[in-house]
Participant: 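Sharing a structure below in structure tokens format, with a few things to ask.
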Amino acid sequence: MIGIFDSGCGGLTVYDAVKRKYPQRSFLYLGDHAHAPYGERSPDDIRELTRRSVETLFGQGCRLVILACNTASANALRHLQQTWLSDAYPDNRILGVLVPMVEAITGMPWMADPAERPPVEKARTVAVFATSRTVSSNAYPVEVAKRAPEVRVVQQACPRLVDLIEHKAEREELRHAVQAYAEAMMIQLEGKAPDAVMLGCTHYPLVADLFAEALPEGVEILSQPTLVARSLAHYLERHPEFDDGEGLPTRFITTGDAGKVAEVSELFLGHEVPFTGL
Ligand code: DGL
């Protein structure tokens, strides 16, 4: 069984892509709705809440957990791997959503030696929209710069967006919010269209069309769920020991109000899924 974790329902976008790739696999989804959104919390809070959630998933029998949350991946993943995981659960693994995105932006495998990178003809600009805490962690610009220093990463925080999405805001309200964040990004870019846009929050695929509408026409928007699913496939090829638990139906659990969360899940998956409380 593979565990998938997000602060709320955003990770369902990743679950959906991963489940399409692995229809036979069993997943356990955990949304920490009682403490969402994480995007405005302190890094210490995010680390502790993420640790607790991962421990819950480990306790339910998941040996591999995907942090389907950029905020947790950017602020907690490395810390947990270095300070907790190898002592507390040496046989278990945690993966995040940052690595596949950085690989896609730089065109380089995460562990590759940057010195072996072929020469690049043209500098590129990538616009990243994310939560405040993902932006302030600087994880995306730092990890991209290590591998592809010629890529300029410009970040724009979208502090209200996760809350609006989780509370089923009207389309017009979402459109206004996205427009304001896109305009703020274009000011940072001095009006010049970026070469690519990355929606660095797993909730944002729900409003990807609004971003496309608000940004200069034809700008490529990278799809995080697809890239994460592809990356997981490569990981499982290399680590078949985690590819277990075929056939059990997926379970969805939340630390929040299961009835309300089940209603919101319809926005993400096109149908309601039965969330249960912890
Ligand atoms: N889906 C989470 C992310 O990818 C949302 C974080 C939040 O709860 O603010 O960052």
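Start at 1 and go down the list; that is how both ligands and their atoms are numbered. Because only heavy atoms are used, hydrogens play no part in the values below, and waters and symmetry mates are left out as well, while side chains stay in. Everything numeric here is computed off the predicted structure, so don't read it as measured data.
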Participant: Would you mind running through ligand 1 and noting each atom that sits below 4.0 Å from a heavy atom of H203?
Facilitator: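 Selected atoms, number and element: 1 (N), 2 (C), 5 (C).
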Participant: Which ligand 1 atoms does S7 reach within 4.0 Å, using its non-hydrogen atoms?
Facilitator: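 It comes down to these atoms of ligand 1: 5 (C), 6 (C), 7 (C), 8 (O).
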Participant: Quick check on A36 - does any of its heavy atoms sit under 4.0 Å from an atom of ligand 1?
Facilitator: no
Participant: Go through the steps to decide whether E173 and R160 satisfy the test salt bridge (Lys or Arg N to Asp or Glu O under 4.0 Å), and finish with yes or no.
Facilitator: CA-CA 11 Å; E173 199 178 348; R160 290 175 56 230; 3.6 Å; yes
Participant: Do we see a donor-acceptor contact under 3.5 Å between the side chains of D6 and Y15?
Facilitator: no
Participant: Would R230 and E103 count as a salt bridge (Lys or Arg N to Asp or Glu O under 4.0 Å) if you check the C-alpha gap in whole Å, the side-chain angles of each, and the deciding distance to 0.1 Å?
Facilitator: CA-CA 12 Å; R230 195 181 305 155; E103 289 184 335; over 6 Å; no
Participant: Hey, which atoms in ligand 1 end up nearer than 4.0 Å to a heavy atom of G39?
Facilitator: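 Result: 7 (C), 8 (O), 9 (O).
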Participant: When you measure from the side chain of Q188 to the backbone N and O of Q155, does any donor-acceptor pair fall under 3.5 Å?
Facilitator: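 Yes, Q188 side chain to Q155 backbone: donor-acceptor pair under 3.5 Å.
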Participant: Between W84 and Y89, how do the two ring planes meet: parallel, tilted or perpendicular, split at 30° and 60°?
Facilitator: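 The rings of W84 and Y89 stand perpendicular, inter-plane angle above 60°.
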Participant: Which ligand 1 atoms, with their elements, are less than 4.0 angstrom from a heavy-atom of D6?
Facilitator: 1 (N), 2 (C)
Participant: Around atom 7 (C) of ligand 1, find the nearest protein heavy atom and jot down its residue, atom name and distance.
Facilitator: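 Ranking protein heavy atoms by distance from atom 7 (C) of ligand 1, first comes Y38 N, 3.2 Å.
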Participant: Counting heavy atoms only, which of L98, T131, N70 comes nearest to atom 3 (C) of ligand 1?
Facilitator: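 Answer by nearest heavy atom: N70.
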Participant: On the 0 to 90° scale, with breaks at 30° and 60°, tag the F252-F275 ring pair as parallel, tilted or perpendicular.
Facilitator: tilted
Participant: Any idea which of L67, T71, T202 brings a heavy atom closest to atom 10 (O) of ligand 1?
Facilitator: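 Among L67, T71, T202, the closest heavy atom to atom 10 (O) of ligand 1 belongs to T71.
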